[in-house]
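Note that the structure is a prediction, hence the values are computed from the model and not measured. Quick note on labels: first sequence line is chain A, next is B, and so on, each numbered from 1.
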There are 2 protein chains.
Amino acid sequence: MTSQQHADLWSGERPEAARRLLLAAVDAFATRGFHATTTRDIATAAGMSPAALYIHYPSKAALLAEISRQGHAATLALVEEAAAHSDDPRLRMRRLVEEFTAWHARGHTVGRIVNYELRALPAEDFEVVAELRRRIEDTVKQVIEDGVAAGVFHTPETRTAARAVTSLGIDVARWYNERSSETPQQLGERYGVLVLRMLGA
Amino acid sequence: MTSQQHADLWSGERPEAARRLLLAAVDAFATRGFHATTTRDIATAAGMSPAALYIHYPSKAALLAEISRQGHAATLALVEEAAAHSDDPRLRMRRLVEEFTAWHARGHTVGRIVNYELRALPAEDFEVVAELRRRIEDTVKQVIEDGVAAGVFHTPETRTAARAVTSLGIDVARWYNERSSETPQQLGERYGVLVLRMLGA
DNA sequence: TCAGTAACTAAGCGCTTGCTTAGCATGTTG
DNA sequence: CAACATGCTAAGCAAGCGCTTAGTTACTGA
């Protein structure tokens with residue numbers, strides 16, 4: 001159940017019990033949603049009593065905030081790295097879509113929390129996360145604008161195009177699961193082709 | 001707050017108090033999510049005491065099921081109509097994306113419930129709704145396959161392409177709101193252009 | 001040796017939840 | 001005009017919620 005993705009994202013989390021709680025929370029929030037998940041669910045899945053949760057995290061919402069912040073930070077890093085990877089906007093965009101899509105497939109549990117549990121975040125955590133989201137979208141928009149300026153993309157509304165590109169990746173977290181016929185990498189490659197055509201490359 | 005969309009979808013709902021409850025539930029479920037919404041929220045917004053809800057609906061989940069069933073049925077009708085509208089797969093697909101996208105923008109509250117509250121549905125209601133969703137996706141896929149067969153679309157994986165097309169529309173319900181700079185119709189037209197290019201038309 | 005600390009549990013507190021019960025107006029019908 | 005149906009409210013119940021308290025155990029270091 002717990003995918004490799006989680007283990008990597010929080011491999012440095014100490015003490016180990018805190019990490020187990022985080023992984024249990026990711027699975028529970030992704031499967032049932034934040035509000036339908038109880039602190040007893042999380043603690044039990046991590047092999048502890050409910051009270052033990054509060055030694056490592058001050059509240060249920062703090063667990064959500066930790067997952068959302070880290071998930072968003074990792075996504076932004078991935079997008080920025082792909083966008084800086086070459087000089088050709090086509091290669092940058094293809095790499096960006098490949099990685100962004102594969103990330104949302106491989107980490108669809110974290111992806112669901114990141115994208116669909118924003119409302120449940122405490123106000124100040126939401127602010128932090130909203131800024132990360134803005135930077136992700138701006139990075140995508142910048143690659144498109146670079147491509148338009150270079151004459152390799154042909155799309156009049158870069159904001160709308162950026163929305164479409166990010167939408168494709170984000171929505172993968174909603175429908176993808178381990179039983180899907182495509183691997184995350186395959187899906188990324190196919191979406192990369194579709195997006196380049198969509199942008200008129 | 002209550003958009004025209006809702007009023008149209010449930011204009012025939014009698015008695016009028018039942019309709020008011022339904023509209024209040026749509027707003028509340030879309031804004032806060034099903035599990036974060038209380039029966040007191042819904043009843044108060046509809047101008048009644050909590051007990052009055054149970055005269056018109058047997059449970060909170062029954063309200064959700066009613067919204068989800070009707071929302072899915074309306075979406076399927078819209079998609080099937082657009083898909084049957086002409087002989088040219090390009091015109092059919094453009095119309096389909098225009099209407100599907102505009103629908104998710106105009107009715108983003110209902111759209112959020114339809115697409116993001118499936119987990120909260122009672123099992124038997126979920127089955128009904130899952131079948132409607134299958135038919136929506138199959139209709140989209142069929143238009144793509146018709147286009148490939150006619151030589152006007154060029155995309156090797158029709159299932160993946162259908163996923164991408166529906167994803168674009170569905171995700172609109174997540175981010176669109178009344179303050180968005182594009183009208184639902186504008187957005188539909190722009191997405192129609194992007195999708196046709198994506199399909200290699 | 002033993003005070004101090006970190007990690008935990010059993011028990012439960014105060015509150016909110018979905019939903020029920022009992023009863024009250026209003027309007028309709030034989 | 002009695003009998004009933006409809007649509008509602010005030011009050012509240014049992015269950016479950018997030019979180020706290022008080023205490024136990026195992027380990028560390030002077």
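- Side chains of B:T166 and A:W175 form no contact here, defined as non-hydrogen atoms less than 4.5 Å apart.
- Between A:H85 and the options A:R95, A:E99, A:R92, a side-chain hydrogen bond (donor to acceptor under 3.5 Å, both in side chains) holds for only A:R95.
- Between A:S49 and C:dA10 there is no side-chain N or O to OP1 or OP2 distance below 4.0 Å.
- Protein atom NE2 of B:H35 is 16 Å distant from nucleotide atom C1' of C:dT16, rounded to whole Å.
- Between the side chain of A:R40 and the base of D:dG16, no donor-acceptor pair under 3.5 Å is found.
- When each of B:T37 and A:P15 is assigned the nucleotide of DNA chain C bearing its nearest heavy atom, the one mapping closer to the 5' terminus is A:P15.
- Nearest-nucleotide positions on DNA chain D for A:T38 and A:A51 put A:T38 closer to the 5' end.
- When distances are taken from the side chain of A:Y54 to each of D:dC19, C:dA7, D:dC8, the shortest belongs to D:dC19.
- Within the structure, every side-chain polar atom (N or O) of B:H56 is placed at least 4.0 Å from both OP1 and OP2 of D:dT6.
- For the pair A:L53 CG and C:dT9 C1', the interatomic distance rounds to 14 Å; values are reported in whole Å.
- Straight-line distance from the CE atom of A:M48 to the P atom of C:dA11: 20 Å, rounded to whole Å.
- One can place CD1 of A:I55 at 13 Å from C1' of D:dA22, the figure rounded to the nearest angstrom.
- Side-chain atoms of A:A52 lie closest to C:dC8 of the nucleotides C:dC8, C:dG18, C:dA10.
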(message) B:R159 vs A:E182, test: salt bridge (Lys or Arg N to Asp or Glu O under 4.0 Å). Steps then yes/no.
(response) CA-CA 11 Å; B:R159 171 122 238 118; A:E182 297 160 301; over 6 Å; no

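- Following rounding to the nearest Å, A:D41 (CG) and D:dC17 (P) show an atom-to-atom distance of 7 Å.
- When all heavy atoms of B:V143 and B:P89 are compared, the closest pair comes out as CG1-O, 4.0 Å.
- The shortest distance between the side-chain N/O atoms of A:T39 and the OP1/OP2 oxygens of D:dC19 is not below 4.0 Å.
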